[in-house]
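Contents: one structure, followed by commentary.
Read the numbers this way: they start at 1 and go in the same order the structure lists the ligands and their atoms. Model, not experiment: these values are computed from the prediction.
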Amino acid sequence: MSLLVHRPRRLRRTEGLRALSRELVLSVDDFIFPIFVVPGHGVRRPIGSLPGQFQVSVDEAVADAKECESLGIRALIMFGVPDRKDDVGSEAWNDEGLVQQATRAIRKACPEMVIALDACFDEYTTHGHCGIVKNGDVDNDATLANLGRVAISQAKAGADLVAPSGMMDGFVGAVRTALDGAGYGETGILAYSAKYASCFYGPFREAAGTASDFGHRKGYQMDPANARESLREVALDIAEGADMVMVKPALAYLDIIHRVREVTSLPVAAYNVSGEYAMLKAAAERGWIDHDRAVLETLTSIRRAGADIVLTYHAKEAARLLRKG
Ligand code: PBG
């Protein structure tokens, strides 16, 4: 006679039972694939610290978008990596800028693709900071005025989502006001709401050419020790008009994703950032972990924590793995 009444293993016995009891199914619908756009034509330059990722020219960005579409990926986020930089980052609101051109070209080639554009200045400034620097610090309100210009330029190019990422106070409100004032009431805001001052952005700074030549970002990005503060940031962004809120990075911040999920009914996004991708790739290259399983387990865990949407460099390979089943 069995002494145990409760045997959770009963539901793990066969794949059929496991599938019936599964709480979450990872789907390609949930991914946003990041693309770094550089000047030129026919350029596809590997990014050393992000194996399998590339800096691409506009025409190659279109090729990436088509590949994503063929894999079922519905959304992209783009970052511009321009030659032309100045101390305020004015190239970010150039209507003929790289992401603006890429948006128009992708819209033509893949009309259904959701296009999000990172709205920040660090790729566009000579000093690599996320706005106008005064007395060694980023001037919040002066930066907001320029951010409005960026948002309008991105909406004009056809972006579905403007994604302000600079962690300036009032940045969502500034983008919403600018967009509405220019007649872009339909353009949405994906807010980098709880963005931490993290070392896990290391490889991105190579990819986007944004190594700061002085200081750090702790004056505007959040302290990794803080959780309650993320709820305040999220609440402010929602009050200012965010359509989606984001937590970034993802893996060391799964608790934050979970807490944010509990306080909003808006879609919650999480950014599986460059350093997270690089760590997985490095361990897999050495044969220390099973690459494919690590990719799917990572993405599933980010979803399980409460993210509806995952921005990830793994999007294409994960789409292929999900297709293989
Ligand atoms: C700012 C921005 C950064 C990332 C996305 N948007 C860099 C930063 O804040 O330093 C990082 C993304 C990643 O690491 O994958 N434009």
What is the closest protein heavy atom to atom 3 (C) of ligand 1, and at what distance does it sit?
K248 NZ, 3.2 Å

Among H291, Q53, E276, find the residue that satisfies the side chain to side chain donor-acceptor pair (under 3.5 Å) test when tested with K281.
H291

Among all protein non-hydrogen atoms, which one is nearest to atom 15 (O) of ligand 1, and what is the separation to 0.1 Å?
Y313 OH, 2.5 Å

Given the rule in the salt bridge (Lys or Arg N to Asp or Glu O under 4.0 Å) test, do R205 and D122 qualify, once you have shown the distances and angles that lead to the verdict?
CA-CA 9 Å; R205 292 187 182 157; D122 54 335; 5.6 Å; no

Do Y192 and F171 make the cut of ring centroids closer than 6.0 angstrom?
no

Pick one: which of T298, N272, L251 meets side chain to side chain contact (heavy atoms under 4.5 Å, CB included) with L280?
T298

Is there a heavy atom in Y271 that sits closer than 4.0 Å to ligand 1?
yes

What atoms in ligand 1 come closer than 4.0 Å to a heavy atom of K195?
1 (C), 2 (C), 3 (C), 6 (N), 8 (C), 9 (O)

So which protein heavy atom does atom 12 (C) of ligand 1 come closest to, and at what separation?
F204 CD1, 3.3 Å

So is E276 touching ligand 1 or not, going by heavy atoms under 4.0 Å?
no

I'd like to know if D64 and K316 make a salt bridge, using a cut-off of under 4.0 Å between side-chain N and carboxylate O.
yes

Tell me: protein heavy atom nearest atom 10 (O) of ligand 1, and distance?
R205 NH2, 2.4 Å

Is K85 close enough and on-axis enough to F121, meaning under 6.0 Å and within 45°, for cation-pi?
no

Please state whether F121 comes within less than 4.0 angstrom of ligand 1, counting heavy atoms only.
no

For atom 14 (O) of ligand 1, grab the closest protein heavy atom and report residue, atom and distance to one decimal in Å.
S274 OG, 2.7 Å

